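To keep things clear, I will list the structure first and then write my remarks on it.
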Amino acid sequence: MRKGAKRKASQKEEAKPEAQQQESKKATSRAKRVKASKPETEPEYFEDKRNLEDLWKEVFPVGTEWDQLDAVYQFNWNFSNLEDAFEEGGKLYGEKVYLFGCTEPQLVSFKGESKVICIPVVVAVVSPFPPSDKIGINSVQREAEEIIPMKQMKMDWVPYIPLEDRDSQVDRLKSQIYILRCTQRRAALKHLKIDRLKKYEYCLPYFYQPFKEDELEQSTEVQIIFPVEPKPIFCEFDWELDELEEFTDKLIQEEELAEDQKDAFKEFVKEKVREAKKANREAREARKKALEEMTEESKAAFENMRFYKFYPVQTPDSPDVSSVKAPFINRYYGKAHEIL
């Protein structure tokens, strides 16, 4: 190039209209951006969540030890059978349902290893009204069963809101699904007394059945815990089958009871028998009164109340529990109509 050619070219560029220069700069800038851009990646797709997918997790597992709660959720349990029951044609479709949970420790095999696992279970109660507002607390360590209000244990039935409705105003929704919820904060457990803490491990919803005489009302046995040294005497006395004198003499022969404690023991047993008979009588009277005051609508509701027990279905991510399913029989709520 001849001397001064560059200068002439520069002069020509300066001579261009200003708008043309700006357009030229933009085109250069766009070219640089296109050159620097990364190749497009494949779009990532996420599977939509099922409408009731978290239902089983929202239900409080009553009677589970607090330190075992995390172990309950270590597997990706699938309760699609419970979800399907609410679909058209399902056993819970169109029904008003109250759900509570519990756990069953069972020895099962998973990925070639056998171990005891806390299996979550959900019980569905079909009822037009809350089936209970009380909790029953019982264990082999307790001398007597205790029936207390649910709210005393910070439990209550609350509406369950399906995923697709959670952006709606809750007060406008007419929920047909209610779950047992516990508001006891785990962080505050260390401040609870041991006795109250243990109550959570021995509790189950108490379902009053006015048409069925309670097993305790029919029983003629009393649990005896006679406080003596060096250790208390534990035994059962049947006031219809056992004769108190012979019963006491046998304990003395077996060196369970000292001779000089015989009279005190007999009086103790008599008092326990009087208490049991009184409790049975009061229970029968209360049930009779409740039936007399009950409306026909309530009677029909109690007669038609149904219970269903749901186990998780088998998936590659969770153990197969089909071999450990058990009938749901308990004196609080009888036997489940079906195990699913």
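Note: hydrogens, waters and symmetry copies are ignored here, and every other heavy atom, side chains too, is used. Predicted model only: the values in this text are computed from it and were never measured.
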Under a 4.5 Å cut-off applied to non-hydrogen side-chain atoms, are [X] and [Y] in contact?
X      : Y      : value
Glu58  : Tyr160 : yes
Leu204 : Ile135 : no
Leu55  : Ile177 : yes
Val125 : Met305 : yes
Trp157 : Ile179 : no
Pro227 : Phe268 : yes

Suppose we screen for salt bridge (Lys or Arg N to Asp or Glu O under 4.0 Å). Which residues come up paired with [X], at least two apart in sequence or across chains?
X      : value
Lys266 : Glu245
Glu271 : Arg274
Lys270 : Glu267

When you look at NZ of Lys134, are more than 12 heavy atoms from neighbouring residues, nucleotides or ligands closer to it than 6.0 Å?
-> no
Is the number of heavy atoms from other residues, nucleotides or ligands under 6.0 Å of Glu255 CD greater than 12?
-> no
Say whether [X] and [Y] are linked into one hydrophobic cluster, either directly or through other cluster members, by side-chain heavy-atom distances under 4.5 angstrom.
X      : Y      : answer
Tyr73  : Leu99  : yes
Leu251 : Val228 : yes
Ile148 : Val62  : yes
Val158 : Trp56  : yes
Phe129 : Val123 : yes

Hey, mind stepping through Val313 and Ser80 against side chain to side chain contact (heavy atoms under 4.5 Å, CB included) and telling me if it holds?
-> CA-CA 7 Å; Val313 300; Ser80 56; 3.7 Å; yes
To the nearest 0.5 Å, how far apart are [atom1] in [X] and [atom2] in [Y]?
X      : Y      : atom1 : atom2 : value
Lys325 : Ile119 : NZ    : CD1   : 10.5 Å
Glu95  : Arg306 : CD    : CZ    : 5.0 Å
Ile117 : Leu107 : CD1   : CG    : 8.5 Å

Residues in side-chain hydrogen bond (donor to acceptor under 3.5 Å, both in side chains) with [X], at least two apart?
X      : result
Ser109 : none
Asp320 : Ser322
Glu221 : none
Arg281 : none

Considering all heavy atoms of both residues, which atom of [X] and which atom of [Y] are nearest to each other, and what is their separation?
X      : Y      : value
Thr64  : Cys102 : OG1-C, 4.5 Å
Phe79  : Pro120 : CZ-O, 3.4 Å
Ala124 : Leu92  : CB-CD1, 4.0 Å

Option from Met155, Met153, Met150 for which side chain to side chain contact (heavy atoms under 4.5 Å, CB included) with Cys182 holds = Met155
Under the side chain to side chain contact (heavy atoms under 4.5 Å, CB included) test, which residues partner [X], sequence neighbours left out?
X      : result
Pro105 : Val116, Cys118
Pro149 : Gln152
Pro232 : Ile225, Phe234
Ala264 : Phe226

Is there a donor-acceptor pair closer than 3.5 Å between any side-chain N or O of Gln74 and the backbone N or O of Ala71?
-> yes
Within the distance-only criterion (no hydrogens, no angle test), does the side chain of Ser127 pair as donor or acceptor with the backbone N or O of Pro130 below 3.5 angstrom?
-> no
Check against salt bridge (charged side-chain N to carboxylate O under 4.0 Å, His left out), Lys151 and Asp133 | CA-CA 8 Å; Lys151 291 185 178 180; Asp133 62 352; over 6 Å; no
Does a salt bridge link Glu275 with Lys272, judged by any charged N lying under 4.0 Å from a carboxylate O?
-> yes
Is a side-chain donor-acceptor pair under 3.5 Å present for Tyr311 with Lys309?
-> yes
Do any pairs count as a side-chain hydrogen bond (donor to acceptor under 3.5 Å, both in side chains) and have a residue in residues 235-244, sequence neighbours left out, and if so which ones?
-> Thr220-Asp238, Gln223-Glu236
Report the relative orientation of the aromatic rings in Phe247 and Phe237; use parallel for angles under 30°, tilted for 30 to 60°, perpendicular for over 60°.
-> perpendicular
In terms of the angle between their ring planes, are Tyr308 and Phe310 parallel, tilted or perpendicular, with boundaries placed at 30° and 60°?
-> tilted
